[in-house]
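Just the heavy atoms: all of them, side chains too, but no hydrogens, waters or symmetry mates, feed the values below. We count ligands from 1, going down the list as the structure has it; atoms in each ligand are counted the same way.
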Amino acid sequence: MSESADRRDRARVAFSTSGVRGPVLVTSAANIRYLTGFSGSNAVLLLGTEPDEDLIGTDGRYADQVAEESPGLPAVIDRATVAAVAGHVSGSVLGVETSAPLAVVEGIRALGLQPIAVPDVIEALRAVKDEGELALIERACQVTSLALEALIPEIRPHVTERYLARRLETLFSDGGGEDRAFPTIVASGCNSAIPHHQPDDTRLEPGDLVVIDAGARVRGYHADMTRTFVVGRSPTAEQEDMHAAVEQAHAAGVAACLPGRAAVTIDAAARLVLRERGLEDRFTHGLGHGVGLEIHEAPAVSSRATGTIQANMTITVEPGVYLPGQGGVRIEDTLVVADAGPRALTTGGTGLRVVGL
Ligand code: ZN
Ligand code: ZN
């Protein structure tokens with residue numbers, strides 16, 4: 001049985017176990033890729049109650065691609081994709097994902113079927129990676145780590161944030177990445193206090209903190225990594241203290257990434273370090289997230305997370321401290337939770353590096 005067919009069977013069992021009766025229309029692109037191998041931008045998958053009812057639908061642009069990427073899976077090629085696939089449902093109800101667009105739900109109703117929201121069981125399956133997935137994520141993380149290291153000689157006063165972002169993305173391509181995993185963040189000076197600052201024409205100034213948060217993508221799998229630098233001048237005592245606090249929080253978070261731990265306790269382990277230094281209210285986001293076919297996926301690792309960490313999950317640990325008007329520090333690694341404990345897939349020391357002197 002193909003890997004995709006095996007995954008579909010596991011999803012079928014998981015839906016049945018969670019009480020879903022009847023077929024499910026899968027519309028999430030990442031879920032479809034996971035269950036079929038198809039990587040095109042337009043598709044729906046009918047996951048039948050029996051394997052021989054599985055059916056993928058896409059449009060004419062992808063007729064060849066779907067045959068190549070999803071061999072053995074019957075396909076319908078039709079511009080009215082949802083209607084063409086849902087037309088094969090024999091019963092009266094059809095499961096839909098909570099992420100399904102309203103237009104899909106309405107389209108199902110228009111066919112005389114009753115849409116039923118189903119739980120996120122495919123996302124839960126995807127959270128635990130198999131060997132092939134781990135190899136691709138590790139490759140994406142290697143490309144990312146090497147590219148960031150290669151960028152360091154170019155991080156110097158007077159270059160712009162935008163220049164560094166584009167250079168890093170070129171280095172991803174040179175290293176074998178198919179694309180960036182998400183829009184690269186380069187945030188210097190006061191901008192480094194903005195967690196999701198988008199790079200602009202701001203020029204790096206001597207003494208700036210520079211936060212670079214980026215990742216490469218390899219065959220659909222993402223990497224996510226952040227390092228913070230001081231450019232062109234020795235760091236101030238305040239910059240060193242802030243960075244040391246985040247580095248300790250990062251280490252505490254990584255050490256807590258063990259199979260069987262509640263995700264919320266991993267966030268808490270890092271947050272405690274910052275609380276003891278009076279910086280907890282400057283850490284304004286969750287500690288991390290799952291990484292795989294999507295840059296942000298299950299499990300959430302935050303103060304509100306409800307899940308449990310399992311072996312072979314790939315997650316980020318990314319504490320940060322942000323002082324508005326002054327600057328910020330974030331350190332992030334993507335790691336795999338092995339049975340024996342966490343193993344960082346992004347590499348390179350976490351210490352504060354002075355660059356561009
Ligand atoms: Zn990141
Ligand atoms: Zn992240």
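Distances from the Zn ion (ligand 2) to the N/O/S atoms of Glu318 are shortest for OE2. Residue-level check: among N/O/S atoms of Asp224, OD1 sits closest to the Zn ion (ligand 1).
Remark: Glu68 CD is loosely packed, at most 12 non-hydrogen atoms of other residues, nucleotides or ligands lying under 6.0 Å away.
His296 and His289 have perpendicular rings, their planes meeting at more than 60° on a 0 to 90° scale where under 30° would count as parallel.
Atoms OD2 of Asp213 and OE1 of Glu332, as seen from the Zn ion (ligand 1), are separated by an angle of 100°, to the nearest 10°.
Ring centroids of Tyr163 and His158 are separated by 6.0 Å or more, keeping the two rings apart. Remark: aromatic rings of Tyr62 and Phe38 are close, center separation under 6.0 Å.
Here His296 does not reach the Zn ion (ligand 2): none of its N/O/S atoms is less than 2.8 Å from the metal.
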